[in-house]
S.K.: 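Sharing a structure below in structure tokens format, with a few things to ask.
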Amino acid sequence: QVQLVESGGGLVQPGGSLRLSCAASGFSFSSYAMNWYRQAPGKERELVAGISPTGGSTNYADSMKGRFTISRDNAKNTVYLQMNSLKPEDTAVYYCYAARGLGYWGKGTLVTVSS
């Protein structure tokens, strides 16, 4: 029943932009803080950004500040990650995570930044 489905990943050149989406269903989306995490090959999963249940507050990892923007549309049960000025080191699988109680993970979408 619970689903988090990421989309929008793909291949992009350095300096380019992508917008990731995560469509949620099967739970009370507006009651959950939402987060984006990423995991590069051979690396541990790291927090990218987070947003409070109603979108009133956000937080970002230092390396993403000024380049990435997290937002949500509770009417559409969707959280977004706008990624600008992408760098090769941003290459990773990006996951959305619903942060409340047990929590829920999506399956991820691959972002590859390469020329």
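A quick note: this is a predicted structure, and the numbers were derived from the prediction, not measured.
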S.K.: Anything under 30° is parallel, anything over 60° is perpendicular, the rest tilted; go ahead and classify Tyr37 against Tyr97.
M.R.: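 Ring orientation of Tyr37 relative to Tyr97: perpendicular.
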S.K.: Classify the side-chain pair Ser17/Asn84 by whether it contains a donor and acceptor separated by less than 3.5 Å.
M.R.: yes
S.K.: Minimum heavy-atom separation for Leu4 and Met34, please, with both atom names.
M.R.: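 The pair with the smallest heavy-atom distance is CD2-CE, 4.1 Å.
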S.K.: Looking at every non-hydrogen atom in both residues, tell me the closest pair between Arg67 and Asp90 and how far apart they are.
M.R.: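 It is NH1-OD2, 2.8 Å.
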S.K.: Identify the two heavy atoms, one from Asn35 and one from Ala99, that lie closest to each other, and give their separation to 0.1 Å.
M.R.: OD1-CB, 3.3 Å
S.K.: Quick check on Glu44: does its CD atom have over 12 non-hydrogen neighbours (other residues, nucleotides or ligands) under 6.0 Å away?
M.R.: no
S.K.: Do NZ/NE/NH1/NH2 and the carboxylate oxygens of Arg38 and Glu46 come within less than 4.0 Å?
M.R.: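 Salt bridge: yes.
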S.K.: Which heavy atom of Tyr95 sits nearest a heavy atom of Glu6, and at what distance?
M.R.: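 Looking at all heavy atoms of both residues, the shortest contact is CA-OE2, 3.3 Å.
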S.K.: Just how far is it from atom CG of Leu81 to atom SG of Cys96, taken to the nearest 0.5 Å?
M.R.: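 Reported to 0.5 Å precision, the distance equals 10.5 Å.
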S.K.: With rounding to the nearest 0.5 Å, note down the distance linking OG1 in Thr78 to CG in Leu20.
M.R.: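 CG of Leu20 is found 12.5 Å from OG1 of Thr78.
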S.K.: Any donor-acceptor pair under 3.5 Å linking the side chain of Ser52 with the backbone of Ser57?
M.R.: yes
S.K.: Between atom NZ of Lys65 and atom OG1 of Thr58, what is the distance when rounded to the nearest 0.5 Å?
M.R.: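 It comes to 9.5 Å.
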S.K.: I would like to know whether Trp36 and Ile70 meet side chain to side chain contact (heavy atoms under 4.5 Å, CB included); could you show each step before the answer?
M.R.: CA-CA 8 Å; Trp36 287 96; Ile70 188 171; 3.6 Å; yes
S.K.: Return the minimal non-hydrogen interatomic distance between Val111 and Met83, and the atom names on each side.
M.R.: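 Heavy atoms only, the tightest pair is CG2-CE, 3.8 Å.
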S.K.: Determine whether a donor-acceptor pair (N or O, by modelled atom type, separation under 3.5 Å) exists between the side chain of Ser31 and the backbone of Phe29.
M.R.: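 Looks like no, no N/O pair under 3.5 Å.
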S.K.: Going by the angle between their ring planes, with limits at 30° and 60°, are Tyr104 and Tyr32 parallel, tilted or perpendicular?
M.R.: tilted
S.K.: Can you give me the closest heavy-atom contact between Asn74 and Ser30, atom names plus distance?
M.R.: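 In terms of heavy atoms, the two residues are closest at ND2-CB, 3.6 Å.
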S.K.: Is it the case that the side chain of Thr109 and the backbone of Gly9 share a donor-acceptor pair, with hydrogens and angles ignored and the cut-off at 3.5 Å?
M.R.: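 Checked: pair present.
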S.K.: In terms of hydrophobic clustering (I, L, V, M, F, W, Y; side-chain heavy atoms under 4.5 Å; direct or indirect links), are Val48 and Leu110 co-clustered?
M.R.: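 Shared cluster, no.
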